[in-house]
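The structure appears below as structure tokens.
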Amino acid sequence: MTFTQRVFSGIQPSGDLHLGNYLGAIRRFVPLQDTHETIYCVVDMHAITVWQEPNALRRATREVAAAFIAAGIDPKRSIIFNQSQVVQHAELAWVFNCIARMGWMARMTQFKDKAGKNSENVSLGLFAYPSLMAADILLYKGTHVPVGDDQKQHLELTRDIAAKFNNDYAAAIAEQGLGVDGEFFPITEPLIAGPATRIMSLRDGTKKMSKSDPSEQSRISLLDDADAIAKKIRKATTDPAELPLMVDGLKDRPEADNLVGIYAALSDKTKPEVLAEFGGQGWGRFKPALADLAVSVLAPMSEQMRRLLDDPETIDAVLRDGAARASVIAEQTMAEVRSIIGFIR
Ligand code: TYM
């Protein structure tokens with residue numbers, strides 16, 4: 001027996017979805033619908049680990065759902081829902097808080113980056129964040145998780161938590177005949193591949209494109225219209241040299257590497273294929289081509305997102321339907337977990 005091939009991934013509704021979220025995650029969610037069971041979650045409980053204004057949170061939750069649909073995720077073939085509607089996420093996260101060790105959490109670089117010098121003053125939720133993320137995935141016994149490069153360490157922790165749970169409760173799992181070859185939770189495979197696992201700022205090729213960057217010029221928002229998209233690409237920082245013929249020539253040229261990666265991801269090509277077309281040419285040729293390509297892919301999506309957002313009730317109905325379907329799987333896992341642990345029901 002093997003675990004069902006099941007993809008799970010999540011996006012935080014913390015405002016201003018950008019090209020990095022699209023190329024590193026959402027765009028890659030779409031083809032997985034053909035080969036796997038797919039569950040895509042708007043992780044609103046993760047978002048509140050830092051302050052969110054309630055109306056803004058509602059709007060941002062609908063925005064992520066609209067981006068999923070506009071990108072081509074079909075709410076009938078995939079489960080699309082927001083995390084807080086399936087209460088078992090919080091329940092399993094508590095169990096994992098008791099499995100994960102303080103030292104494991106303290107090593108998380110994203111926590112250290114976000115907390116900075118202020119670590120006494122951030123929420124306890126921010127520290128425990130990766131344990132909730134492990135619960136998201138393992139509640140559905142997710143076998144594959146498509147994410148950008150910045151989530152790699154969290155997925156390693158998810159694997160550690162699954163392995164420790166399987167090991168700590170091995171006797172109960174065997175006694176109750178649960179799990180696959182003695183393993184109750186699968187050891188999840190991260191899917192971090194392709195030319196766009198780490199999209200960088202358009203202003204500074206050494207910084208990740210991020211919603212927390214104060215400069216709006218640093219990122220393309222998924223709600224930007226055609227003009228804004230083209231303008232941001234035209235103004236993107238570059239070095240003066242022409243594009244190299246080979247990928248090796250992108251080394252130590254972070255801005256060039258980033259723009260070639262964006263072109264490759266938007267056109268489903270590899271970087272060598274892009275350089276075969278544009279190598280030896282200057283930015284005067286490449287930037288307009290990239291702007292046209294980005295507008296042709298992103299502008300229709302942003303229009304559809306706007307149309308969907310005009311009708312929030314329809315989006316909410318999609319999320320409710322997804323949550324109902326997710327809850328069936330989540331409750332089955334949780335019932336087994338309670339019984340493995342020794343909780344009486
Ligand atoms: P979040 O909301 O920060 O980002 C959502 C997805 O976008 C990817 N991403 C990027 N990819 C390439 N280049 C970038 N500049 C870039 N910026 C963001 C992220 O890697 C991510 O895939 N902890 C997660 C949300 C989460 C989750 C989960 C993911 C919660 N539970 C379970 C997978 C499975 C996060 O904060 O992503």
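In each ligand, atom 1 is the first atom listed, and ligand 1 is the first ligand listed. The structure presented is a predicted model; accordingly, all values stated were derived computationally and were not measured.
- If you look at I137 next to ligand 1, the close heavy atoms, those under 4.0 Å, all belong to the side chain.
- Using a 4.0 Å cut-off between charged nitrogen and carboxylate oxygen, R101 and D160 do not count as a salt-bridge pair.
- Those atoms of ligand 1 with a heavy atom of H18 less than 4.0 angstrom away are 17 (N).
- Salt bridge D268/R27: present, at least one basic N to carboxylate O contact under 4.0 Å.
- With respect to the salt-bridge test (charged N to carboxylate O, under 4.0 angstrom), the residues D316 and R320 do not qualify.
- Listed by number with element, the atoms of ligand 1 under 4.0 Å from a non-hydrogen atom of R198 are 12 (C), 13 (N).
- Those atoms of ligand 1 with a heavy atom of D136 less than 4.0 angstrom away are 28 (C), 30 (C), 31 (N).
- In summary, E336 and K141 engage in a salt bridge, as defined by a charged side-chain N under 4.0 Å from a carboxylate O.
- Nearest protein heavy-atom neighbour of atom 10 (C) of ligand 1: G20 O, 3.4 Å.
- The one candidate from V7, V64, V30, I26 that meets the side-chain contact (heavy atoms from CB on, under 4.5 Å) condition with Y40 is V7.
- The single protein non-hydrogen atom nearest to atom 20 (O) of ligand 1 is D150 OD1, 2.4 Å, given as residue, atom name and distance.
- Between K232 and D224 a salt bridge is recorded (basic side-chain N to carboxylate O distance below 4.0 Å).
- The shortest side-chain heavy-atom distance between L309 and I315 falls under the 4.5 Å cut-off.
- Within ligand 1, counting atoms from 1 as listed, the ones closer than 4.0 Å to a heavy atom of M209 are 15 (N), 17 (N).
- Scanning the protein for heavy atoms near atom 2 (O) of ligand 1, the closest one is Q12 N, 2.9 Å.
- The protein atom (non-hydrogen) at minimum distance from atom 37 (O) of ligand 1 is Q151 NE2, 3.8 Å.
- Of the candidates K114, K208, R198, K208 is the only one forming a salt bridge (Lys or Arg N to Asp or Glu O under 4.0 Å) with D150.
- Atoms of ligand 1 found under 4.0 Å from any heavy atom of T197 (numbered from 1 in listed order, with element): 11 (N), 12 (C), 13 (N).
- Every atom of ligand 1 with a heavy atom of A25 under 4.0 Å away is listed here by number and element: 6 (C), 7 (O), 22 (O).
- Within the 4.5 Å cutoff, no side-chain heavy atoms of D204 are placed close to those of S218.
- The backbone and the side chain of V147 each have at least one atom closer than 4.0 Å to an atom of ligand 1 (non-hydrogen atoms only).
- At the top of the distance list for atom 18 (C) of ligand 1, counting protein heavy atoms only, stands N21 ND2, 3.3 Å.
- In terms of modelled atom types and a separation under 3.5 Å, the side chain of R159 and the main chain of L155 share no donor-acceptor contact.
- In this structure, atom 25 (C) of ligand 1 lies nearest to the protein heavy atom G10 O, 3.5 Å.
- When only non-hydrogen protein atoms are considered, atom 36 (O) of ligand 1 lies nearest to Y129 OH, 2.6 Å.
- Every atom of ligand 1 is numbered from 1 in the order shown, and the set under 4.0 Å from a heavy atom of A196 is 12 (C).
- At a heavy-atom cutoff of 4.0 Å, ligand 1 is contacted by the side chain of V43 but not by its backbone.
- The pair E242-R285 fails the salt-bridge criterion, with no side-chain N (NZ, NE, NH1 or NH2) lying under 4.0 Å from an Asp/Glu carboxylate O.
- A salt bridge links R77 with D34: the distance from a Lys NZ or Arg NE/NH1/NH2 to an Asp or Glu carboxylate oxygen falls below 4.0 Å.
- Those atoms of ligand 1 with a heavy atom of G24 less than 4.0 angstrom away are 11 (N), 12 (C).
- Of the candidates T61, L139, V43, Q83 forms a side-chain contact (heavy atoms from CB on, under 4.5 Å) with just one, namely V43.
- Residue contact annotation: M200 has no non-hydrogen atom under 4.0 Å from ligand 1.
- Here the heavy atom of the protein found nearest to atom 13 (N) of ligand 1 is I199 N, 2.8 Å.
- Considering backbone and side-chain N/O atoms, K208 never comes within less than 3.5 Å of an N/O atom of ligand 1.
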